[in-house]
Amino acid sequence: EVQLVESGGGLVQAVGSLILSCAASGFPSDDYSMGWFRQVAGEGREGVSCINRSNSRTWYADSVKGRFTISSDNAKNTVYLHMDSLEPEDTAVYYCVADRMLYIALSAGWVYEYDYWGQGTQVTVSS
């Protein structure tokens, strides 16, 4: 059974920083990309960033480019999201996601149902 466990959310002031972590276990193969979505109450989920763990290619939503950095420690099956210059508009529940097609689908802008999701962690940015 695949499990994704997020940590690192919290309350931060605008222009501050946070680091989210997602520890994965139970992948049936080594070709799963991992990444992050976020959701504001009453709205749909938005892709934030992902990483192809086989070749380290990354994708970012335009709204976070230059401010967020995704990285992966494959030995630990853990992905990190370094969030800098946070803005109140970044306030959301952040979900870790894993799927073989994640990097391809997000890069191409496809609507896609991904296999595995974490439970979510709240990030609140105060102005």
Side-chain angles (χ1 to χ4, degrees):
E1 179 186 2
V2 173
Q3 289 189 328
L4 304 176
V5 180
E6 302 115 330
S7 60
L11 174 64
V12 65
Q13 288 189 329
V15 308
S17 300
L18 276 177
I19 301 174
L20 303 183
S21 301
C22 176
S25 61
F27 283 145
S29 61
D30 293 334
D31 57 348
Y32 277 77
S33 293
M34 293 178 66
W36 298 88
F37 274 65
R38 65 187 181 186
Q39 185 172 27
V40 176
E43 299 182 11
R45 290 184 180 181
E46 172 194 17
V48 175
S49 180
C50 72
I51 185 167
N52 182 321
R53 300 188 306 140
S54 298
N55 57 26
S56 298
R57 289 183 177 177
T58 58
W59 174 89
Y60 296 94
D62 287 344
S63 58
V64 306
K65 281 181 182 176
R67 301 188 298 120
F68 291 10
T69 303
I70 192 168
S71 61
S72 175
D73 184 336
N74 289 351
K76 296 181 179 179
N77 264 350
T78 299
V79 169
Y80 305 94
L81 187 67
H82 296 244
M83 304 186 294
D84 296 319
S85 301
L86 282 161
E87 304 166 351
E89 293 73 23
D90 295 315
T91 296
V93 177
Y94 284 69
Y95 295 91
C96 181
V97 60
D99 193 284
R100 290 188 179 95
M101 293 297 295
L102 179 62
Y103 175 81
I104 293 173
L106 281 176
S107 299
W110 294 346
V111 175
Y112 195 89
E113 291 194 10
Y114 299 108
D115 285 342
Y116 304 109
W117 294 82
Q119 79 284 0
T121 185
Q122 177 70 46
V123 171
T124 302
V125 184
S126 62
S127 56

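Atoms considered below: every heavy atom in the structure, side chains included; atoms not considered: hydrogens, waters and symmetry mates. Positions are given from 1, in the same order as the sequence printed here. This is a predicted model, so every value here is computed, not measured.
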Exercise. Examine the side chains of S29 and R100 and answer whether a donor and an acceptor come within less than 3.5 Å of each other.
Key: yes
Quiz item: Between atom CD of E43 and atom CZ of R38, what is the distance when rounded to the nearest 0.5 Å?
Solution: 10.0 Å
Quiz item: Taking side chain as C-beta onward, heavy atoms only, is S49 less than 4.5 Å from T69?
Solution: no
Quiz item: Got V40 and E46 here, is their nearest side-chain heavy-atom distance under 4.5 Å?
Solution: no
Quiz item: Are V48 and I51 in one and the same hydrophobic cluster, where Ile, Leu, Val, Met, Phe, Trp and Tyr link if side-chain heavy atoms are under 4.5 Å apart?
Solution: yes
Quiz item: If only atom types and distance count, is the side chain of S85 paired as donor or acceptor with the main-chain N or O of V15 below 3.5 Å?
Solution: no
Exercise. Could you tell me which non-hydrogen atom of L102 sits nearest to which non-hydrogen atom of G35, and how far apart they are?
Key: CD2-N, 3.4 Å
Quiz item: What's the spacing between D90 CG and T124 OG1 if we round to 0.5 Å?
Solution: 11.0 Å
Practice problem: Check whether any side-chain N or O of E6 sits under 3.5 Å from a backbone N or O of G120 as a donor-acceptor pair, and report yes or no. | Solution: yes
Quiz prompt | Closest non-hydrogen atom pair, Y114 against A105 | solution = OH-CB, 3.3 Å
Self-check item: Pair I104-Y112, side chain to side chain contact (heavy atoms under 4.5 Å, CB included): steps then yes or no
Solution: CA-CA 10 Å; I104 293 173; Y112 195 89; over 6 Å; no
Practice problem: Write down the atom of D84, the atom of S17, and the distance for their closest heavy-atom approach. | Solution: OD1-OG, 2.8 Å
Quiz item: What distance do L11 atom CG and Q122 atom CD have between them, rounded to the nearest 0.5 Å?
Solution: 9.5 Å
Quiz item: Which atom pair, heavy atoms only, marks the closest approach of S21 to Y80?
Solution: OG-CD2, 3.3 Å
Exercise. Working to the nearest 0.5 Å, report the span between CD1 of I70 and NE2 of H82.
Key: 9.5 Å
Exercise. Would you indicate whether the side-chain heavy atoms of C22 and M34 approach each other to under 4.5 Å?
Key: yes
Practice problem: I would like to know whether R53 and N77 meet side chain to side chain contact (heavy atoms under 4.5 Å, CB included); could you show each step before the answer? | Solution: CA-CA 9 Å; R53 300 188 306 140; N77 264 350; 2.8 Å; yes
Exercise. Just say parallel, tilted or perpendicular for the rings of Y32 and F27, cut-offs at 30° and 60°.
Key: parallel
Exercise. Treating Ile, Leu, Val, Met, Phe, Trp and Tyr as nodes and any side-chain heavy-atom pair under 4.5 angstrom as an edge, say whether F68 and L20 lie in one connected cluster.
Key: yes
Quiz item: Considering all heavy atoms of both residues, which atom of S33 and which atom of Y103 are nearest to each other, and what is their separation?
Solution: OG-CB, 3.6 Å
Quiz item: Do V93 and V64 belong together in a cluster built from hydrophobic side chains that touch within less than 4.5 Å?
Solution: no
Exercise. Give, for atom CD of E87 and atom OG of S127, the distance between the pair rounded to the nearest 0.5 Å.
Key: 12.0 Å
Quiz item: Has R45 got its NZ or CZ under 6.0 Å from the middle of the six-membered ring of Y95, at an angle within 45 degrees of the ring axis?
Solution: yes
Self-check item: Side chains of C96 and W36 in contact at under 4.5 Å (non-hydrogen atoms)
Solution: yes
Quiz prompt | Least distance between heavy atoms, V123 atom then M83 atom | solution = CG2-CE, 4.0 Å
Quiz prompt | Minimum side-chain heavy-atom gap Y60-R67 below 4.5 Å | solution = no
Quiz item: Is it true that atom CG of D30 has more than 12 heavy atoms of other residues, nucleotides or ligands lying nearer than 6.0 Å?
Solution: no
Quiz item: Is it the case that one hydrophobic cluster holds both Y116 and W59, taking links as side-chain heavy atoms less than 4.5 Å apart, direct or via other members?
Solution: no
Quiz item: If Ile, Leu, Val, Met, Phe, Trp and Tyr residues are connected whenever their side-chain heavy atoms lie under 4.5 Å apart, and connections chain through other members, are L81 and L86 in the same group?
Solution: yes
